Amino acid sequence: MQQKKGSAEPVFKIFIYVVLITLAVLIIVPVAWVFLASIKQNSEFYGNPWALPAGFYWQNFVDAWNAASMGSYMLNSVIVTALSLVLLLVVALPAAYCLSRFQFAGRKFLNTAFMAGLFINVNYIVVPIFLMLKDGDVWLKKALGNGLLLNNLFVLALVYAATALPFTIYLLSGYFATLPHDFEEAAYIDGAGYGATMVRIIFPMAQPSIITIILFNFLSFWNEYIISMTLMSSATGQKTLPVGLLNLMQAQQSAAQFGVLYAGLVLVMLPTLILYICVQKKLTQGMTVGGLKG
């Protein structure tokens with residue numbers, strides 16, 4: 001039995017390596033192709049699509065950034081994504097901490113409500129959200145003479161943060177629940193309050209989990225299209241990058257400027273790749289261990 005197990009183990013390892021290499025190639029090749037296509041001149045697209053670019057034609061990025069207004073779209077996406085993450089963390093971190101570490105009336109109901117929110121696809125409730133904000137704008141126009149809820153980057157960020165709360169709280173509360181209570185008890189003995197213990201003890205211990213939810217939500221907010229297109233339909237100068245990219249695709253397909261189109265795609269992908277490179281070590285860190293002895 002041991003000989004059979006030993007002989008099967010190398011075969012299994014080879015199979016795993018083949019699968020991993022295949023998946024890596026399926027991901028890396030299209031991404032590399034987009035990067036190479038972004039520095040090609042337009043005439044090069046009518047030959048072999050797999051041919052390497054004759055040179056580095058950086059004018060595609062200049063045209064995408066200036067002529068197609070991708071620069072302003074990117075700034076809007078940066079503002080909305082940063083605001084959404086700040087609002088989300090301010091609400092989700094204390095909420096997850098309380099739900100996972102304290103017993104109080106209504107705790108089970110709140111946990112059930114957040115769990116139920118995981119099964120709601122945000123794209124299905126975009127129209128009710130739009131109608132609610134539209135009715136609010138009608139009321140504000142009657143009361144103040146001006147609507148503030150639609151075509152507003154801050155409101156868009158607020159909607160992003162609110163729709164991401166169930167997943168974020170579920171993930172954080174599950175991580176907080178695994179941390180030993182001894183750290184908190186030691187902090188209480190030293191005179192720290194609940195808020196100080198949460199910020200100075202629990203949050204640093206939960207750093208890998210916090211970085212994970214920041215990365216996941218950053219990718220979600222940065223690439224989100226449907227909500228942004230719906231709530232920012234009339235604000236031509238405040239559209240986010242995915243909406244602006246679609247406009248660029250429609251314009252460049254009719255103009256057959258493929259290099260500018262792929263340069264716009266690279267501008268969308270680049271921030272996510274840079275962020276992943278910066279935080280990949282934190283994402284692979286394990287649970288905090290060794291904090292207690294004895």
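Just so we're clear, the structure is a prediction, and the values are computed from it rather than from any experiment.
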Pair up each side-chain donor or acceptor in residues 115-122 with any protein partner under 3.5 Å, not counting sequence neighbours, and list the distances.
| unit_1 | atom_1 | unit_2 | atom_2 | d |
| --- | --- | --- | --- | --- |
| Asn121 | OD1 | Asn123 | N | 3.0 |

Atom pairs and distances, donor-acceptor, side-chain atoms in residues 102-114, under 3.5 Å, two or more places apart:
| unit_1 | atom_1 | unit_2 | atom_2 | d |
| --- | --- | --- | --- | --- |
| Arg107 | NE | Leu99 | O | 2.7 |
| Arg107 | NE | Phe102 | O | 3.1 |
| Arg107 | NH2 | Leu99 | O | 2.9 |
| Asn111 | ND2 | Arg107 | O | 3.4 |
| Thr112 | OG1 | Lys108 | O | 2.8 |

Could you list the donor-acceptor pairs under 3.5 angstrom formed by side chains in residues 75-98, with sequence neighbours left out?
| unit_1 | atom_1 | unit_2 | atom_2 | d |
| --- | --- | --- | --- | --- |
| Asn76 | ND2 | Ser72 | O | 3.2 |
| Asn76 | ND2 | Gly237 | O | 3.2 |
| Asn76 | ND2 | Lys239 | O | 2.9 |
| Ser77 | OG | Tyr73 | O | 3.4 |
| Ser77 | OG | Leu241 | N | 2.6 |
| Thr81 | OG1 | Ser77 | O | 2.7 |
| Ser84 | OG | Val80 | O | 2.6 |
| Ser84 | OG | Ala157 | O | 3.3 |
| Tyr97 | OH | Glu184 | OE2 | 2.7 |

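Between atom CD1 of residue Ile202 and atom CE of residue Met198 there is a gap of 9.5 Å, rounded to the nearest 0.5 Å.
Between Gln238 and Asn152 there is no side-chain heavy-atom pair separated by less than 4.5 Å. Between Glu44 and Phe258, every side-chain heavy-atom pair lies at or beyond the 4.5 Å cut-off. You'll find the side chain of Leu133 stays beyond 4.5 Å of the side chain of Asp137, heavy atoms only. In this structure, the side chains of Met232 and Leu156 come closer than 4.5 Å at one or more pairs of heavy atoms. The closest side-chain heavy-atom distance from Leu265 to Leu245 is below 4.5 Å. For the pair His181/Arg101, a side-chain contact is recorded, criterion being any heavy-atom separation below 4.5 Å from C-beta on. Between Phe183 and Tyr188, the closest side-chain pair of non-hydrogen atoms is not below 4.5 Å.
Few gaps surround CH2 on Trp33; more than 12 heavy atoms of other groups in view lie less than 6.0 Å from it. Within a 6.0 Å sphere centred on CD1 of Ile28, heavy atoms belonging to other residues, nucleotides or ligands number 12 at most.
Qualifying side chain to side chain contact (heavy atoms under 4.5 Å, CB included) partners for Trp58, counting only residues two or more places apart in sequence or in other chains: Ile39, Phe56, Phe61.
Hydrophobic clustering places Val34 together with Tyr46 (ILVMFWY residues linked when any side-chain heavy atoms are closer than 4.5 Å, directly or through intermediates). In this structure, Val19 is a member of the same hydrophobic cluster as Ile16, with clusters built from ILVMFWY side-chain heavy atoms closer than 4.5 Å. There is no path of hydrophobic side-chain contacts, each under 4.5 Å, that joins Met132 to Ile227. Tracing side-chain contacts under 4.5 Å through hydrophobic residues (I, L, V, M, F, W, Y), one reaches Val127 starting from Ile129; they form part of the same cluster. With hydrophobic clusters built from ILVMFWY side chains whose heavy atoms lie under 4.5 angstrom apart, Val138 does not share a cluster with Val155.
The hydrophobic cluster containing Ile14, built from Ile/Leu/Val/Met/Phe/Trp/Tyr side-chain heavy atoms closer than 4.5 Å, also comprises Val18. Connectivity analysis of hydrophobic side chains (ILVMFWY, heavy atoms under 4.5 Å, direct or indirect) links Leu36 to Leu52.
Between the Thr163 side chain and the Val159 main chain, a donor and an acceptor come within less than 3.5 Å of each other. Ser228 places no side-chain N or O within donor-acceptor distance of the main-chain N or O of Tyr225, the cut-off being under 3.5 Å.
Under the 30°/60° scheme for interplanar angles, the aromatic rings of Tyr262 and Phe45 are found to lie parallel. Using cut-offs of 30° and 60° on the angle between ring planes, the pair Phe12 and Phe15 is tilted.
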Determine, stepwise, if the pair Phe35 / Leu270 fulfils side-chain contact (heavy atoms from CB on, under 4.5 Å). CA-CA 10 Å; Phe35 274 89; Leu270 202 57; 4.1 Å; yes
